[in-house]
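Below is one structure, written out as structure tokens, with a few remarks after it.
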There are 2 protein chains.
Amino acid sequence: MRADAKKNYEQLLAVARHVVTEQGADASLRDVARKAGVGLGTLYRHFPTREALLEALLRTKFDESAQRASELETWDNAGNALVTWLREAIAMTHTYRGAIAPMVAAIVDEGSALHASCVSLRAAGTRLLVRAQADGVARGDMDGNDLFALISALAWLADQPPLVPRADHLFHVISSAILTDRQEPAIP
Amino acid sequence: MRADAKKNYEQLLAVARHVVTEQGADASLRDVARKAGVGLGTLYRHFPTREALLEALLRTKFDESAQRASELETWDNAGNALVTWLREAIAMTHTYRGAIAPMVAAIVDEGSALHASCVSLRAAGTRLLVRAQADGVARGDMDGNDLFALISALAWLADQPPLVPRADHLFHVISSAILTDRQEPAIP
DNA sequence: ACCTGAACACCGTTCAAGT
DNA sequence: ACCTGAACACCGTTCAAGT
């Protein structure tokens, strides 16, 4: 990449991070280019779609989440590990307001710039879920797609101002539903 | 209302129903006016906001849902009644794609045309929940706001094409979490 | 009373013209 | 190679002018 191109790329990313933090994932791309002091075509050259820009903004977050999953797989308590990862994954997906809808769309759109990241997020969740199921601490009738859908729904909920006060409590209700207490058998 | 005004109103509503069914709640209002063969100002005269139009489209659905709640309050099994209403309320809110976000926003916006309808929807759910709790078949640590948030999250989920295949199963998971089996005490 | 559509201030996306 | 910004086809919202 030529030096001037690289400079524009970095500048666009920095400005986009700021604008998207303020206005959400559906912020005006024109506005981003304007504030970056760059022509509109330059933005489209570096980020051909809105998803590509969002992916660049979220890349580090996705990577952190994947690495975190690896750590959590070493925990003794597979149930705690799963719930802890869920909580953090939900927090990650609403780093930027309005990011969850494009992520959900990307999971089935192989052409989307967000596709690979979302697939590996789902894969990380699946590993933690399967381990918890093997330990008998998570209900058996769920898979990684269910988990991805629940993360999405809870992240969306936390994005709606009127529902924010309920988000924590409902996370608790739902994670309780996922976890199964391993009951000691009653005295026979 | 003058006869011509009434005719325009009905025509707009009929066309809006069709367009919003096809394109979702964020359909182009210009398009609605155009297809109704009416000036854009006429649309804004009859429906000053998008919420006002949506409210007119959903009014009958809201009414049906409230009436249905009254019926269900007479059921013997308060838990079944609650879950049945939840399922129907969720189906109702995605009569039109994209309708759930404005509904959620309206619950705290007293100026919104959708406010009253959303408040009475929440009230209906609250009544069914309280009855189930009194019968000991619903968990005690939830209220009508939690229920409204769960309905919203599940309705949103059913609006995302990639998540649709999981919607029914997750409804079951979540409603199981709401209902509490009334356990017979173990032999003392 | 009610209707119309031009006017204004925005978008996203593309692409010829420049360096 | 890369950048620019005009051009095109859309929005939502308002409001003077018409009947």
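The structure displayed is predicted, hence computed values, not measured ones. Throughout, protein chains are lettered first and strands after them, A, B, ... in sequence-line order, and every chain is numbered starting at 1.
- Searching all strands for a Watson-Crick or G-U wobble partner of D:dT14 with both distances below 3.5 Å returns C:dA6.
- OP1 or OP2 of D:dC3 sits under 4.0 Å from a side-chain N or O of A:Asn8.
- Among the nucleotides C:dC3, D:dC3, D:dT4, the one closest to the side chain of A:Val38 is D:dT4.
- The salt bridge (charged side-chain N to carboxylate O under 4.0 Å, His left out) test with B:Asp4 is passed by exactly one of B:Lys7, B:Arg2, B:Lys6: B:Arg2.
- Across all strands shown, C:dA1 forms a Watson-Crick or G-U wobble pair with D:dT19, both key distances being under 3.5 Å.
- Close to C:dC10, at under 4.0 Å from its OP1 or OP2, lies no side-chain N or O of A:Arg34.
- A salt bridge does not link A:Glu73 with A:Arg131: none of the charged nitrogens is closer than 4.0 Å to a carboxylate oxygen.
- Here the side chain of B:Thr42 is nearest to one of D:dC3, D:dT14, C:dC3, namely C:dC3.
- Contact annotation: A:His46 side-chain N/O to D:dC2 OP1/OP2 distance is not under 4.0 Å.
- No donor-acceptor distance shorter than 3.5 angstrom exists from the side chain of A:His94 to the backbone of A:Asp159, with no hydrogens or angles considered.
- Ranking D:dC3, D:dG12, C:dA1 by closeness to the B:Arg30 side chain, first place goes to D:dG12.
- Among the protein residues, A:Ala27 comes within range of the sugar-phosphate backbone only, with heavy atoms under 4.0 Å from sugar or phosphate atoms but none that close to a base.
- Using a 4.0 Å heavy-atom cutoff across all strands shown, B:Arg45 reaches at least one base atom of the nucleic acid.
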